[in-house]
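First the structure, in the form of structure tokens, and then the observations on it.
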Amino acid sequence: MFAIPAKWRRKGAASEEEAYYTAGQFALIRARFMKKTSGLIAGTILLALVLMGLFAPFFSPVDPTIRGADAEYRRGAPQALNFCDENGCSLRPFSYTYSKEKPKFDLSALAGGDLNALDQLTSSGALSASSQNKFIEDREQRRYLQFFVRGWEYSLLEIGWLGIDIRSDLHLFGVEQGKLHLMGTDEDGKDVFSRTLHAVWVTISIAIVALIVKLFTSLLVGGVSGYFGGRVDAVLMSFTEAVRVIPPIPIYLACAVALSQIDLTPVQRYFAIALVIGALDFATLGRRLRTHILVERNQDYVLAAQLSGASTGRIIWRHLVPSFSSYIIVDTLINFPYVILAETSLSFLGLGLTEPVNSLGVLLQKAQDPDIQQNMVWQFFPVVVFVALIMAFVFVGDALRDAADPYSERNQ
Amino acid sequence: MRLEQKPRMPLLEINDLTVDFNTPEGQIRAVDHLNLHIEPGEVMGLVGESGSGKSITAKTIMRLNPGNAMIQRQSRIQLHRDPSVDVLKLRGKDLRVVRGGEVSMIFQEPMASFAPAIRIGDQIVETIRLHLGHDKQTARKIGIELFERVGIREPEKRFDQYVFELSGGMRQRAMIAMALATKPKLLIADEPTTALDVTIQAQVLDLMMELREQLGMAILFITHDLGVISKVADRLTVMKRGRMVEEGHAQAVLHAPMHDYTRKLLDALPHLNNLPQPPAHKPEPLLSVRNLSISYPQSGRRKAEAFNAVPDVSLDLPKGQIIGLVGESGSGKTSLGKALLGAAPISAGEVVYHVDSPIRLDGKSRINRRKFARVAQLVFQDPYSSLNPRMTVRDIIAEPLEAMKICSSREEVDQRVIEVAKRCHLEVSHLRRFPHAFSGGQRQRISIARALVSDPQFLVADEAVAALDVSIQAEILTLLRELRDELGLTILFISHDLSVVANLCDHICVMQHGKLVEQGSVRQIFLDAQEEYTRRLISAIPVIEAPRREPVIA
Amino acid sequence: MIDFLANTWLLWILLITGAVLWLAARNSDYFHYVLHRYLMALGTLLLVSFVVFGLMEVLPGDCAEKYIAYKNTQGEMISQATIDAERARMGLDQPMLQRWASWVTDLTLRGDLGFSCAKRQSVNLAVGDRFWMSLGFCLAGLLLAYLIAVPFGILSAYVLNKPWMDCDPQSSPRERFTNTLLLGFNKLIDLQLRIISYLGLALPNFLLALSIILLYVFAGEPTPTGLFSDEWRNVPWFSDSGFQFGKLSDFLGHIWLPIFVIGWAATALQLQTVRALVVDESNKLYVEAARARGVEGFSLWARYPVRHSISPLFNSVGFDFQRVFNDLPIVAVVIGLTDAAGLLIEALAMTNDQELAAAILFLVALVVIGMNLLTDVVLAAVDPRVRRSVISGGQ
């Protein structure tokens, strides 16, 4: 009875074995990564977050900019999706129509000089900005959740210099009339959920730009230093050492202050900040690359390539670069959270990106506001997303590092 | 004395030992129903190639297996003392009986087996105090006496040094001293001499035998080297893939092996009684070395002075022969080999290749690598680090062709690669694989194939078989011989192991401290050595003595 | 003479240290190494001062403008010509290299860090005690991180390659059960700690500080921001009735917050470092050899892998300090600290006080370099592995 499955298994094992033998470095890393449950879960969450960030307009029901602000629903609480209420159940989830609470005072009375009315006005909180707006939900008027609805228009793909601009107005979900605020709105009526989704991608893209710049500078410093050695190495390394001992965030700050003097558009500013974060963070990776090159340079296979008549360029390109490419990729992933943290720290101090740009740092900055702390707790939603994003990155990076470790196989 | 001592009670009995390893690829059986017993005071030789499960058996006796090792339920290891103990059932502090108490172990690498930041003496004192309960002073005294006994000069001074301050032989002696500190009944020696030079190996073996006589302990001697085992063992157990294939008295097993595998191992050994005849006439030299000296610039030292590895060597390498270059570690043989390929800094003298357009290496002018790569190539010692792990075998072998742009098309490259791969007995279907899929021997074939693909006339094989098992060694040596005969290659075979060289080479050069001590044909060197050093080297080789010619029962 | 010495005291100290080391180095390899490291540290400091000084050039405004602006508030009308004259008087019209050289000279001669235009006082005075306070925060945070990270990192390394369940066929069912329980317990602790340590990474410390403050707000308690509550802020430590213990307890009630916040983030990293180091060491052959000699349990772990991973851990103290200080400014903003880090933020983000910012950055770098020098020198004296690698030229 067990004979057949055993046979299958052997057959499967044989082809698996062959796959293992013909697998390159990256395929091996992937295979080892697949065995780590925590890494896989984190990877799935990460992928979901990144995709949702990348296609944020499609996933967000409301335009996150001031254009999409809901003037009728400022400082509004999250609108829950229900399946059932006292009017019966529905398979399609729904929320309600909200309307602003009518002022309880009589303006005519106020005009008439009624002091009681004035008292009422003050105590009702309508004048105090810090109090929570009261909304009445109209339970009779359901707003049913619709999928693949047409809504505000956005550009799906825009490449400025090619003149390509694919626009769309399709959204994953929305409601028929009015707007759906899953996570409430902020003081301008901008949808927190949509803002957060957009912010995720902005932050990640800053990190990507910063990491690419960082990679470039690190490769330059480490590569030049490691390959040429001698005096060049000594000079570059002492400079790196000097940069390494200075705490980076104050340096970013100084650069950000300098940037704030220059008149920049938000987009330029965005790139400038990514550039600063990336360009100044070469010390650690650069040093490691240098050590790596120094070690690899003396490996037998490099000598073998030299004796085979390979030129210096060929040795670097065919032998040295592939030898640390997996390392670089893993290191880059591990560094993602730190770069994101740097961006948020800057924005948090008001020196990075600023409103109305959506970045996680900008949204996090609001957490400092006592008004929000006390009256609009839902604006802490970006914090949750942020923590989830970083945790996912850290777990994935950790699992990848274990998977990419060439010794993990020999140690068994 | 409640139990009467039976005359033939073995010291250690292993019954039906089965060890599995849990790996992500499933369970792997490392030791398969092994039965073994060791008598008090005897030397049991445990022989096998890598992966035969011999080290795991030893570790199981000491209960040092890693966490993923599963010792199956029916396995029994009995240590017969008073009273007998079931080793596999020991828990907690009781484990000390087999860990240093009655059983202790010598490892292959003494350098790595001493903690680097703790004085050797302190580690020995710790062991003595743990097992014998002496106070510090007494333990120290015992330790220093032991150091004296294992032949360490200035024992007081050495006792307080760190492991890296001792030479290789001293380290192994210190390791032995530490293992003997608790007066064990059984000493497990896991490849104790493999990392040592021949002359030191002979000394250490003598010491171990002497100590065995004095202390009356049994030794479980684990090695892959049948030559070494023939010197020391009373009985032998041969293992293959976790199973015992043959067991018996050492003489019987070595001279009348019953099992094919044992016979194969024995055949792979060199025999000094059938040395090759020297060729009838001495061929033209392929390359000449004139007053060559090699020195490495030292960086980071206080007094920057160059390290002179080879002071002054002159040598002619005859065409179409395999030339053996032997010497102990630090004799400069690898430097010389690399200098012939222009990969070591030549500070004076020159190397001249007598090819169509003679090539001259003198350390000053730049070498035209492209031209030179088609004349001379290198086969590396370490088959792991010499192959780029990120390239397929096909790409590795094709590298010289592609780097020098010898072939005009990809098809031509493929054709040439396949041709060479077949020549080196590599399967063509394996060319798509990455190096990590291959064993040491196959990797060395790949390395040879890469060296051959550009059709050179001269090959330097730097300790090319040192990292390989005996039977695989023999295969590679056969391949080298084929290449000499069929392609007319000249091969410089660098080795620390005289026994390997004996049956392979036509001509042998002996080096010591960077100087060429002696050279001549194999017969001249082995049968009629002129120099004291050469004679010492040869007498230190552990070869199986010529068997007493007794009729072998079939 | 006294004046001259008073004006050049720092230089003399540096020179005398160098000379003593040089004398000692003539017949000792160890002191040769120390001298070498000392000179390298001085060189790095010089480079750092250049980098910091260069960086501050990018900040907008200069001393003259600030001075003039200050005058402006006094109601004087200032023309461009006056600004230029003022610049010339302050030496700001000279090229940067020259100003840097004079800054460094003042610094090496008598430890003078310059003059802060925004604060209108000497930088030494402005930074003064606050720097020591920051140093105290960082060291306390670091200590906290080590106290948590070292034992739990070791635990984490200890359970790393252990299975969740004991299924050794040689054990009796009861042994298997107890072992499984024990393993499971250890593994769970490890898992929790790893998640907490990752949270330490994922929750930036300003958010952590904010959330703690929020908790206080919700609980209706006074928030522990700053260093003292209003009640004690202006009470001197020693008053007529002797030492003020009330002030001390108030101080302790505030000080834990910054230390905890920066300590937590550092713990996350340290935990991983310790774990990696100990795992590395415990896979080495000498640990197995020690086990084969009968050393086991606590004494095995303490004497072998742990002892051998202390040096590399100790070696990184300097950079750990740098990392902790890196986080301090933002925490200082959130908690409302007025230490050097808070001052740094103020100087950078608000007053554009180049001199002050440069001085603080330089001081931090000085501490890091000093720590690196110290750890290197101590390790070379204590750890034979390090001594061998640095003194015998890597042989």
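Excluded from the calculations below are hydrogen atoms, water molecules and symmetry mates; all remaining heavy atoms, backbone and side chain alike, are included. None of the values given here were measured: they were computed from a predicted structure. To find a chain, count down the sequence lines: A is the first, B the second, and so on, and within it residues start at 1.
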When the 4.5 angstrom heavy-atom criterion is applied to I340(A) and chain C, the contacting part is neither

Contact class of P250(A) relative to chain C, heavy atoms under 4.5 angstrom
both

Going by salt bridge (Lys or Arg N to Asp or Glu O under 4.0 Å), name the residues that satisfy it together with E346(C), two or more places apart in sequence or in a different chain.
K119(C)

Which region of L47(C), side chain (C-beta onward) or backbone (N, CA, C, O), has a non-hydrogen atom less than 4.5 Å from a non-hydrogen atom of chain A, or is it both or neither?
both

Contact list for residues 39-55 of chain C, test side-chain hydrogen bond (donor to acceptor under 3.5 Å, both in side chains), sequence neighbours left out:
S49(C)-W100(C)

If I measure from the heavy atoms of chain C, does V394(A) come under 4.5 Å with its side chain, its backbone, both, or neither?
side chain

Atom CZ of residue position F319(C) - does it have more than 12 heavy atoms of other residues, nucleotides or ligands inside 6.0 Å?
yes

Working for side chain to side chain contact (heavy atoms under 4.5 Å, CB included), residues L55(C) and C255(A):
CA-CA 8 Å; L55(C) 191 72; C255(A) 293; 4.2 Å; yes

Filtered by a 4.5 Å non-hydrogen cutoff, the part of residues 280-294 of chain A contacting chain C is none

Is there a side-chain contact between E241(A) and N372(C), using heavy atoms and a 4.5 Å cut-off?
yes

I246(A) versus chain C, heavy atoms under 4.5 Å apart: side chain, backbone, both or neither?
both

Report which part of V48(C) has an atom under 4.5 Å of a heavy atom belonging to chain A: side chain, backbone, both, or neither.
both

For the side chain of N326(C) and the backbone of I249(A), is there at least one donor-acceptor N/O pair under 3.5 Å apart?
yes

Quick one: which residue pairs count as a side-chain hydrogen bond (donor to acceptor under 3.5 Å, both in side chains) with a foot in residues 380-396 of chain A, not counting sequence neighbours?
none

Please flag which part of F393(A) lies under 4.5 Å from any non-hydrogen atom of chain C: side chain, backbone, both or neither.
neither

Heavy-atom side-chain proximity of Q322(C) to P248(A) below 4.5 angstrom
yes

Heavy atoms only, distances under 4.5 angstrom: which of V324(C), V364(C), V334(C), L361(C) has the most pairs with chain A? Name it, please.
L361(C)

Part of L363(C) lying under 4.5 Å from any heavy atom of chain A
neither

Pairs of heavy atoms under 4.5 Å with chain A: top-ranked of V51(C), V52(C), I330(C)
I330(C)

